[in-house]
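Lettering follows sequence order; numbering is per chain, from 1. Predicted model, so just to flag it, every value in this text is computed and none were measured.
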Number of protein chains: 2
Amino acid sequence: MNQQNPKLTPRKGPKRNLFAHVVENLGKRIVTGELNPSVPFPKEADLGREFGASRSVIREAVKALAARGMIESQTKTGIRVLEAMHWNLLDAEVLNWRYSTMPQAQFYGELFEIRLMIEPQAAAFAAKRGTIQEIALIGEAFEAMTHAGMNKVSGIDADLLFHRSILAASHNPLLLQMGNLIAVGLYIAHKISSESFVVFLPKHKAVYDAIKRRDAVAAHDSMEHLLSETREFMNQHIKTIPAHA
Amino acid sequence: MNQQNPKLTPRKGPKRNLFAHVVENLGKRIVTGELNPSVPFPKEADLGREFGASRSVIREAVKALAARGMIESQTKTGIRVLEAMHWNLLDAEVLNWRYSTMPQAQFYGELFEIRLMIEPQAAAFAAKRGTIQEIALIGEAFEAMTHAGMNKVSGIDADLLFHRSILAASHNPLLLQMGNLIAVGLYIAHKISSESFVVFLPKHKAVYDAIKRRDAVAAHDSMEHLLSETREFMNQHIKTIPAHA
DNA sequence: TATTACCTTATTATCTGATAATATAACAGT
DNA sequence: ACTGTTATATTATCAGATAATAAGGTAATA
C-alpha cells in the first residue's frame with residue numbers, strides 16, 4: 001500500500017522484484033561500510049517502512065544476506081553486520097557489489113592475485129586428470145573465442161567458458177567455485193580493453209595445447225604466463241579509464 | 001500446530017530453529033544428490049507439510065539456499081536444484097554438509113589441494129605486507145597452540161587462528177574466504193589424529209619465524225612444507241579410521 | 001499444417017495481522 | 001556488590017489472504 005503510488009516512484013524505481021532490490025541495496029550498503037558492525041542495523045519494521053515492503057520480503061532478504069555471512073539476526077537483539085572475514089566474498093553477487101563500489105584497480109589486483117594462485121595449478125591438474133571429453137570442451141571454448149572476433153559478449157562468454165572448462169577438468173569441485181571470480185575478472189578486463197582477448201588468443205592456445213598433450217608443467221607455466229601478461233596489460237590500460245559507472 | 005505434539009517429536013527432534021532445520025535438511029539432501037536438477041523439487045506447500053512448518057519458514061529457507069547458489073525459484077515453475085558448479089562450496093555450511101555426506105579421504109584430498117595452492121603464497125604475502133600488529137597476532141596464535149597441550153578444542157581454535165591470522169596479514173580480503181575451508185580441514189585433521197597439531201608445532205614455528213623476519217620465500221616454502229607433511233601424515237592415518245559419524 | 005492469439009491454471013511473490021519465544025534491560029531484594 | 005525476577009523490544013513462527021507470472025492448452029487464422 002505504500003510504494004504503489006506511481007507519483008512517488010514514477011520510473012526507474014523498483015517495481016517488481018522487491019526482494020532482489022532489498023537484498024542488493026542492503027548488500028551494497030554493507031560492502032561500502034555504510035552499514036557496519038558498529039552502527040545499529042535497522043529493525044525489520046524500519047526496513048519494511050524504508051523499502052515499502054512487507055515484513056515477509058524483508059525477512060527473506062535478511063535470510064539471503066545471512067546466508068552470505070554478511071549479517072546475523074537474533075530475537076530481541078535485532079540484526080547486526082558481521083565482520084568482513086565472514087562474508088562469502090566469492091559469491092557472485094557479493095563480488096559484483098564489491099566491484100561496483102571499490103576502486104577498479106584495487107579490486108582487479110585482488111582478483112588476479114587469487115587467479116594466479118589457482119589457475120596455473122588447475123591447468124596442471126586438468127592436463128593430468130582431464131578426460132578426453134573435458135579437454136575437448138576446452139578446445140571448443142577456444143574455438144569459440146577465435147570465432148567471436150570483436151564481438152564483445154560472445155568473446156567474454158567464450159573466454160569464461162575456456163577458463164571454467166579447465167577448472168572442471170581439474171576434477172576438484174572446490175576449484176569450480178573460482179569461476180565466479182574469473183567471470184568478474186573477465187568482465188572488468190573487457191571493459192578496460194575490449195580487444196584484450198584477441199591479443200591473448202595465442203597464449204590461450206598455448207595453455208590448451210599443453211593440456212591436450214598432457215604436459216602438466218607446460219600447462220601450469222603457460223597459464224601463469226597468460227595471467228601475468230594479462231595483468232600487466234591491464235595495469236597499463238587501467239589508469240586511462242576513469243572511475244567506472 | 002503440527003509438529004508441536006510432543007509424542008510425535010519426543011526428543012532430539014527439531015523443536016525450535018525450524019528454519020535452520022529445514023535449511024540443513026534440504027541442503028544435505030541436495031549435496032548428496034537425492035535432490036538434483038533432474039528430479040522435481042517439492043513445492044512450497046509440500047515442504048510446509050513435510051516439515052510441519054508455515055510457508056514463511058519454508059520460503060525463508062528457500063531463499064537461504066538460493067543465496068548459496070543451490071536452488072532457484074520461479075513463479076509457476078517452482079523450485080529447482082542448480083548444477084553443482086553454481087554452489088558456494090566455500091560456504092561454511094555447505095562445507096559441513098559435504099563433509100558429513102562424503103567419503104572422508106576424498107573430501108580431505110580436495111581440501112588440501114586448495115590449501116596447498118593458497119596458503120604458501122598467502123604466507124609469502126604476509127611476510128611482505130603484514131603489519132607488525134598482524135604478525136604479532138600470528139605469534140600469539142602460535143603461543144596459544146603451544147599452551148593448548150592436548151586440549152583438543154583450544155588446540156583447534158588456536159591452530160585455526162594461526163592460519164587465519166596469516167590470511168589476514170596477506171592483505172587480500174578474498175583470501176580470508178579460505179578460512180572456512182581451513183576450519184573444516186582442521187576439524188577433520190584433529191578427528192583423525194588428535195596429536196597431529198602437537199607433532200607439527202615446530203613446522204608452524206618455522207612459518208611464523210619466516211614471516212616475522214620478512215622472508216617471503218622461506219614463508220612460502222615452510223608453509224608448503226607444513227601442509228605437505230600434514231597431508232602425508234593424515235593419509236597414513238586416515239585409512240585406520242572407519243567411515244565417520 | 002503451422003502459427004499466432006487468447007485463456008486457464010499452478011506456483012511463487014507479496015501483503016496483512018496475529019501469537020510465541022527470547023535476550024536484554026530495568027528493578028528489587030538481599 | 002550480587003542475584004533473582006519482571007518488563008519489554010525484537011525476531012520467529014503461524015495463518016490466510018491477493019497479485020503476478022509463466023507454462024500449457026485451446027481456438028482462430030493463414
Side-chain angles (χ1 to χ4, degrees), chain A residues 1-6 8-9 13-26 30 35 37-82, chain B residues 1-6 8-9 13-26 30 35 37-82:
Chain A
M1 290 299 179
N2 301 342
Q3 88 295 10
Q4 263 65 336
N5 188 333
L8 295 181
T9 63
K15 295 172 287 292
R16 295 290 114 50
N17 264 7
L18 243 182
F19 164 80
H21 175 247
V22 174
V23 171
E24 183 183 336
N25 183 293
L26 293 178
I30 292 171
L35 292 171
S38 315
V39 313
F41 203 90
K43 315 298 174 195
E44 286 182 356
D46 301 332
L47 294 171
R49 234 170 289 122
E50 172 183 348
F51 291 103
S54 69
R55 245 190 99 200
S56 329
V57 169
I58 299 299
R59 284 184 56 79
E60 286 163 19
V62 165
K63 294 296 187 186
L65 290 169
R68 294 185 173 95
M70 302 183 78
I71 60 181
E72 204 177 42
S73 165
Q74 204 179 22
T75 306
K76 167 69 182 178
T77 310
I79 305 163
R80 68 164 175 279
V81 177
L82 296 183
Chain B
M1 289 297 178
N2 301 341
Q3 89 294 6
Q4 262 65 337
N5 188 333
L8 294 182
T9 61
K15 295 173 286 294
R16 294 290 113 54
N17 263 5
L18 243 183
F19 164 80
H21 175 247
V22 174
V23 171
E24 183 183 337
N25 183 292
L26 292 179
I30 291 170
L35 292 170
S38 314
V39 313
F41 203 91
K43 314 300 175 193
E44 286 182 358
D46 301 332
L47 294 171
R49 235 170 287 122
E50 173 183 347
F51 290 104
S54 69
R55 243 190 100 201
S56 326
V57 169
I58 299 299
R59 283 185 56 79
E60 286 164 20
V62 165
K63 294 296 188 187
L65 290 169
R68 295 185 172 95
M70 302 183 77
I71 60 181
E72 205 177 42
S73 164
Q74 204 179 22
T75 306
K76 167 70 183 178
T77 310
I79 305 163
R80 69 164 176 279
V81 177
L82 297 182

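The pair Asp46(B)-Lys43(B) does not meet the salt-bridge criterion, since no charged nitrogen lies less than 4.0 angstrom from a carboxylate oxygen.
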Protein-nucleic acid N or O pairs under 3.5 Å, nucleotides 16-19 of chain D:
| residue | atom | partner | partner atom | Å |
| --- | --- | --- | --- | --- |
| dA17(D) | N6 | Arg55(B) | NH1 | 3.1 |

Under 3.5 Å, N/O pairs linking protein and nucleotides 3-7 of chain D:
none

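Here the NZ-OG distance, from Lys63(A) to Ser56(B), works out to 11.0 Å after rounding to the nearest 0.5 Å.
When rounded to the nearest whole Å, the span between CD1 of Ile79(A) and C1' of dT10(D) equals 9 Å. Atom P of nucleotide dA12(D) and atom CZ of Phe51(B) are separated by 19 Å, given to the nearest angstrom. Atoms CG (Leu47(B)) and P (dT11(C)) sit 12 Å apart, rounded to a whole Å. Put simply, CD on Glu44(A) is 8 Å from C1' on dA12(D), counting in whole angstrom units. Nucleotide dT10(D) holds its C1' atom 14 Å from the CZ atom of Phe41(A), rounded to whole Å.
The side chain of Val57(B) sits closest to dC14(D) out of dT12(C), dT11(D), dC14(D). For Arg59(B), the listed nucleotide lying nearest its side chain is dA13(C); candidates were dC15(C), dA13(C), dT11(D).
Of the residues in residues 60-73 of chain A, those placing a heavy atom less than 4.0 Å from an atom of DNA chain D are Ser73(A), in numerical order.
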